[in-house]
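For the single chain, residues carry numbers from 1 onward in sequence order. Any value given below was found using the heavy atoms of this structure, including those in side chains, with hydrogens, waters and symmetry copies removed. The structure presented is a predicted model; accordingly, all values stated were derived computationally and were not measured.
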Amino acid sequence: MTLSVLISLDSVVDSLRFSIPDAEWLLRQIESKQGWFRFPPYLANVITNLKIESYPLLYANEQAIVTIFLKGFMTDEEIKDFCSEADAATPEELGEFVNTSVSSISETIDQIYIPKTPEEQEAARKAFLALPDEEQKQAIKFAQHFYLSFFATFFQNLSVMVHGEKLTSLVAQAVAGSDVAFVKAVQIDRRILTEFPYFRERFARAQLEGDSDFYDRISYRVSMAPYHGKIRYKTLWLTLSTLDATGWLEQLKHREILAICDEVGVGGLENRIQEVKYLSKRIKEYRQFQKRGIVSTP
């Protein structure tokens, strides 16, 4: 039993309702800089302060992005028991198990908030310092796992919006020998070059071999803004990617997905999707993009 099928639809919708405003906020930061991605100082400092520079390692396995979040408040043994109990449940028991077991996940998500203004950030700092030492340690552990998942998920979805393919898929293709996928992945998240072993080794090998063609392709990609121009339905791609990652995209009817889009605010008031027919075209595009040169991740 994979973790994704244990996430109830209500929990997925709650997660989207929470994440869409933050995703739009981050993408507005990019749009304001002509498509060049720069994290706001607060988030850039989070990576350094929490020592989570290695988050690109999660691109090796899509399931790891989900698992690392759960590890913020569950032990490895608890996660193992969580899956084992679900495997042993009857279909009827599984429904009840999901509803009760994931409630803690939903409650945790409800408590997460990324402070965006200097005032909110200062309030968060003071609230943290006011905690007892043991609670500070627990808060740091949770923050590390949350932000590991957050950054990996953000770039995963940014890759879908820019290239039409998940970053985990591009990384898998690169490891399998595709330099085209290699440079596309680097365009989305340059930290891959220093943190992901294969990318680091391939880049070093190109230096030793004087592979000018490879360098030219990398230079071309990194000189292009990874996110150029406004994508009208950026939050739709985020929604489809989330439903896909949690196993719900194939299970839901398109009218049900449209209802979810309305509920979580996809497109906002100006760009709301109103027709199932239009949504079906976008879903077809999404699925076609995901099939291009896919190499399955472990």
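Closest non-hydrogen pair, Ile273 versus Leu258, comes out as O-CD1, 3.3 Å. Nearest heavy-atom pair, Ser241 versus Tyr286, reported as atom, atom and distance to 0.1 Å: CA-OH, 3.4 Å. Summarising the geometry of Ile52 relative to Val46, their closest heavy-atom pair is CG1-O, 4.3 Å, with the distance given to 0.1 Å.
The backbone N or O of Phe155 sits nowhere less than 3.5 Å from a side-chain atom of Ser159 that would complete a donor-acceptor pair. At least one donor-acceptor pair closer than 3.5 Å links the side chain of Thr194 to the backbone N or O of Arg191. With Asp244 contributing its side chain and Leu240 its backbone, the two residues share no donor-acceptor pair below 3.5 Å. Between the side chain of Thr242 and the backbone N or O of Leu238, at least one donor-acceptor pair lies under 3.5 Å. A donor-acceptor pair is defined here as one N or O able to donate and one able to accept, closer than 3.5 Å; such a pair exists between the side chain of Tyr198 and the backbone of Ala174. A side-chain donor-acceptor contact under 3.5 Å links Gln156 to the backbone of Thr168. Put simply, the side chain of Glu195 never gets that close to the backbone of Pro56: no donor and acceptor are under 3.5 Å apart. A distance-only check finds a donor-acceptor pair linking the side chain of Glu256 to the backbone of Lys253 [under 3.5 Å]. When atom types are taken as modelled, the side chain of Thr239 and the backbone of Thr235 share a donor-acceptor pair closer than 3.5 angstrom.
Cluster membership for Val180 and Val175, using ILVMFWY side-chain heavy atoms within less than 4.5 angstrom, is not shared. In the hydrophobic cluster analysis, where Ile, Leu, Val, Met, Phe, Trp and Tyr join through side-chain heavy atoms closer than 4.5 angstrom, Leu129 is grouped together with Phe142.
A salt bridge links Arg17 and Glu263; the closest N-O separation between the charged side-chain nitrogens and carboxylate oxygens is under 4.0 Å. Using a 4.0 Å cut-off between a side-chain N of Lys or Arg and a carboxylate O of Asp or Glu, Arg282 and Glu285 qualify as a salt bridge. Taking a cutoff of 4.0 Å between a charged side-chain nitrogen and a carboxylate oxygen, Asp213 and Arg217 qualify as a salt bridge. A salt bridge links Asp211 to Arg202: at least one charged side-chain nitrogen sits closer than 4.0 Å to a carboxylate oxygen. Residues Glu250 and Arg287 are paired through a salt bridge, judged by an N-O separation under 4.0 Å between the basic side chain and the carboxylate.
Rounding to the nearest 0.5 Å gives a distance of 11.0 Å between OG1 of Thr67 and CD of Glu62. Rounding to the nearest 0.5 angstrom, the gap separating the CG atom in Asp189 from the OH atom in Tyr55 is 3.5 Å. Annotation: the span from Thr153 atom OG1 to Leu158 atom CG amounts to 12.5 Å, rounded to 0.5 Å. One finds the CD1 atom of Ile68 at 10.0 Å from the CG atom of Leu57 (value rounded to the nearest 0.5 Å). In this structure, CG on Leu167 lies 4.5 Å from CD1 on Ile192, to the nearest 0.5 angstrom. Atom CG in Leu50 sits 8.0 Å away from atom OH in Tyr147 (nearest 0.5 Å).
Between Arg205 and Glu209, some side-chain heavy-atom pair lies under the 4.5 Å cut-off. Within the 4.5 Å cutoff, side-chain heavy atoms of Phe128 are placed close to those of Ile140. The closest side-chain heavy-atom distance from His254 to Ile283 is below 4.5 Å. The shortest distance between side-chain heavy atoms of Ile257 and Leu249 falls below 4.5 Å. Contact check for Pro118 versus Glu122: no side-chain heavy atoms found under the 4.5 Å cut-off. Using a 4.5 Å heavy-atom cutoff, the side chains of Phe151 and Leu58 are not in contact. Side-chain contact between Lys184 and Ile188 is absent, with no heavy-atom pair separated by less than 4.5 Å.
Judged purely by distance below 3.5 Å, without hydrogens or angles, the side chains of Gln173 and Glu165 pair a donor atom with an acceptor atom.
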Item to check | Worked check of side chain to side chain contact (heavy atoms under 4.5 Å, CB included) between Ile65 and Leu148 | outcome: CA-CA 8 Å; Ile65 299 175; Leu148 280 166; over 6 Å; no
Next on the checklist: Run the side chain to side chain contact (heavy atoms under 4.5 Å, CB included) test on Phe199 and Val186 for me, step by step, so that the C-alpha distance in whole Å, both residues' side-chain angles and the decisive distance to 0.1 Å come before the verdict.
Outcome noted: CA-CA 9 Å; Phe199 281 73; Val186 171; 3.9 Å; yes
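Ring-plane geometry between Phe150 and Phe154 is classed as parallel, the angle between the planes falling under 30 degrees on a 0 to 90 degree scale with a further cut at 60.
Partner Phe203 forms a ring pair (Phe, Tyr, Trp, His ring centres under 6.0 Å) with one of Phe196, Tyr215, Phe182 and no other, that one being Tyr215.
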